[in-house]
Amino acid sequence: MPYTVSGTDIRGVNTARRRTPESALKKAREFIVRACYDVRITTPEGRTYHSAEFGDLPRTPAARRLPPKHASAAQARPAATLAKAGETSQGSSLFQKKPA
């Protein structure tokens, strides 16, 4: 069951549905940036959180969260893999200055 995000602006009520509390919070922040007022999130259980209560909204446990889609290849690879490839977290070893 989805989380419902709603906010009111000069054109009326805007409503969006999101699967996770994190994505619902992101959408609620977008509504606030777009000058919506009375922004609130309703949980699948029916509990409504107004913008002042967003800190109280239960989050998805870290073990169940999916990794971010925007992680770069270097961030996604562990340090041991970088060392085998001759790279550092700052980039390829080919472009780094060698100590004198």
Participant: Which heavy atom of P44 sits nearest a heavy atom of P2, and at what distance?
Facilitator: CG-O, 3.9 Å

Participant: Going by atom type alone, with no hydrogens or angles, which donor-acceptor pairs under 3.5 Å involve a side-chain atom of residues 8-16 and a protein atom two or more places apart or on another chain?
Facilitator:
residue : atom : partner : partner atom : Å
D9      : OD1  : R11     : N            : 3.0
D9      : OD1  : G12     : N            : 3.2
D9      : OD2  : R11     : NH2          : 3.2
D9      : OD2  : N14     : ND2          : 3.2

Participant: Quick one: which of T42, L25, T43, V39 gives a side-chain contact (heavy atoms from CB on, under 4.5 Å) with Y49?
Facilitator: T43

Participant: Run the numbers on R47 and E53 for side-chain contact (heavy atoms from CB on, under 4.5 Å), then give the verdict.
Facilitator: CA-CA 11 Å; R47 167 80 160 87; E53 301 173 308; 4.0 Å; yes

Participant: With sequence neighbours left out, write down each residue that passes side-chain contact (heavy atoms from CB on, under 4.5 Å) with S51, or none if nothing qualifies.
Facilitator: I32, F54

Participant: With side-chain contact (heavy atoms from CB on, under 4.5 Å) as the test, would you mind laying out the steps for T4 and I41 before giving the verdict?
Facilitator: CA-CA 6 Å; T4 303; I41 298 172; over 6 Å; no

Participant: So which heavy atom on R18 is nearest to which on A24, and how close?
Facilitator: CB-N, 3.8 Å

Participant: Just so I know, are the side chains of S6 and R40 near enough to count as touching, which here means a heavy-atom distance under 4.5 Å?
Facilitator: yes

Participant: Roughly how far, to the nearest 0.5 Å, is CG of L57 from NE2 of H50?
Facilitator: 12.5 Å

